[in-house]
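Heads up, the thing below is written out as structure tokens.
If you're wondering where the values come from, they're calculated on a predicted model, not measured in any experiment. We count ligands from 1, going down the list as the structure has it; atoms in each ligand are counted the same way.
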Amino acid sequence: MSSKLNSLEKSPHILVLGMGGTIAGLAPNPADQPLQYQAGQLKVESLLTHIESAVPKSLKLISEQVANINSRNLTEGLLSNLGEVVRASLANTEVLGLVITHGTDTIEETGVFLQLTCGNYAQILGKRVILTGAMLPSNASQADGPSNLLDAIRWASTPLDNCPGGIYAVMDGRGCMAMDLAKRHGTALNAPIQASPSSSVGLFNPSWLWGVKAKQAAWTEDLPIPKGDEWPWVEILTSHAGARSETINIWLNSRVKGLVLAGSGMGGLHDAWKDSLVAAVKQGVALVRTTRTGAGATLSDIPEKDLDGCLASGTLSAPRARIALQLALNAEKQAQLTGKSLTWQDFFARIAVLPEFR
Ligand code: SIN
């Protein structure tokens, strides 16, 4: 195992990128208070040292630290860095596959970001990128990080005919496409994956692979990675009992470029927002409607006709819809620079129709 700069390594290897998180966390008093810990303390290199004896000697692992943070502090600039490193590493013929150790709090955002910016590239090159993390810090007696990391390394290095190249995630012995990963429980060991419709106990069972292939077939072109300081400003607002028009109006006096509206049930928005949302569209603010329930699809025109200029999120949850809208707005800007008249709606619609696993 080595942490030398990946691009200098001249033999075939699996690249393990460290982003921080609980998997790299340390608790001062792990025996009595394993949940009182600081995330992002250990370097990814030392995470690999902990599992060294379980990795086949023939498999070379190289590590690179991209960040070491608690993922609740993830920034758009860091996503851009990670995306660029993943793209460059996929292009490196010595890299057989990638593993990313990440905090689970916002792994959902990173999962969809990598799928939409690198998913098609990984598929074409036939390489797998596997995200993983942990719910317990590295020095807890039941730490789940080592087994998750081993699963991820095994999956990244398994011969290709079992599973196509692409962006995946593994936690608690289950795998899914990374864009389906969603943390929907505060503490359970399988929290990030339990609500993911594409998760599979047997990673390579035929019906699961069929679903993966259907989704990949629908994703035929990656979106550009925004420059670190050029991400369009997009916020998430939740519709709820007692919603007020002021909640929308406040944003109309800002430089916000888009709003993701997390509605109740199937994505219904409070009537109190109606006039303000019409004003938002007139002002050129991009609107996406999703559901605050955390699961299920948000379809157009259900339960009622969508406002012109507001798109339904399909299967995207609010955090994913936000990243997707940012990438779509950025793609529109890049398209216009090259004289193409594609809009954010054209890009977002391609994402929202990606098939859902059942
Ligand atoms: C984090 O997201 O960095 C902390 C929580 C976790 O990894 O589970």
Side-chain angles (χ1 to χ4, degrees), residues 16-30 32-48 50-51 63-83 85-86 98-115 129-153 155 167-196 199 236 294 317-320 322-323:
V16 184
L17 301 174
M19 289 292 286
T22 297
I23 192 167
L26 283 176
N29 186 2
D32 296 332
Q33 294 176 311
L35 293 182
Q36 301 283 315
Y37 64 90
Q38 281 217 299
Q41 300 299 299
L42 293 182
K43 294 214 161 115
V44 60
E45 194 183 355
S46 68
L47 302 186
L48 293 180
H50 291 163
I51 56 158
S63 64
E64 199 171 312
Q65 197 78 46
V66 178
N68 208 357
I69 58 163
N70 184 317
S71 79
R72 66 166 183 252
N73 297 320
L74 185 63
T75 62
E76 291 153 347
L78 267 180
L79 280 176
S80 294
N81 284 353
L82 179 65
V85 172
V86 168
L98 286 99
V99 167
I100 304 174
T101 57
H102 198 292
T104 61
D105 281 7
T106 58
I107 203 168
E108 178 174 6
E109 276 108 312
T110 300
V112 74
F113 166 74
L114 290 176
Q115 172 63 39
V129 179
I130 317 286
L131 277 156
T132 195
M135 291 299 289
L136 290 171
S138 62
N139 58 347
S141 63
Q142 305 291 318
D144 52 331
S147 62
N148 288 341
L149 184 52
L150 269 173
D151 280 346
I153 290 169
W155 196 4
I167 318 288
Y168 302 96
V170 68
M171 288 282 294
D172 197 40
R174 297 172 76 97
C176 66
M177 291 193 74
M179 76 170 292
D180 291 324
L181 194 68
K183 189 172 186 177
R184 296 285 178 265
H185 193 289
T187 49
L189 286 188
N190 65 351
I193 213 155
Q194 61 178 219
S196 304
S199 76
I236 300 173
S317 61
R320 286 183 210 133
R322 178 176 170 275
I323 298 283

When only distance counts, is [X] in polar contact with ligand 1, meaning an N/O pair under 3.5 Å?
X	answer
R72	no
T106	no
A134	yes
T22	yes

Given 3.5 Å as the limit, does a donor-acceptor pair link the side chain of [X] with the main chain of [Y], or not?
X	Y	result
N68	L42	yes
Q115	A178	no
D144	L136	yes
T132	V170	yes

So does E108 pair up with R320, basic N to acidic O under 4.0 Å?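 Result for this pair is yes, salt bridge flagged.
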For atom 2 (O) of ligand 1, what's the nearest protein heavy atom and its distance?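 Answer for atom 2 (O) of ligand 1: S71 OG, 2.5 Å.
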I need the nearest protein heavy-atom contact for atom 8 (O) of ligand 1: residue, atom name and distance, please.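 Ranked first by proximity to atom 8 (O) of ligand 1 is T104 OG1, 2.5 Å.
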Please confirm whether G25 comes under 4.0 Å of ligand 1, counting heavy atoms of the residue only.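 Contact absent.
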Please confirm whether K183 approaches ligand 1 to less than 4.0 Å, judged on its heavy atoms.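 A heavy atom of K183 does come that close to ligand 1.
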Please examine the side chains of M135 and D172, heavy atoms only from C-beta on, and report whether any two atoms are closer than 4.5 Å.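 Of all side-chain heavy-atom pairs linking M135 with D172, none is under 4.5 Å.
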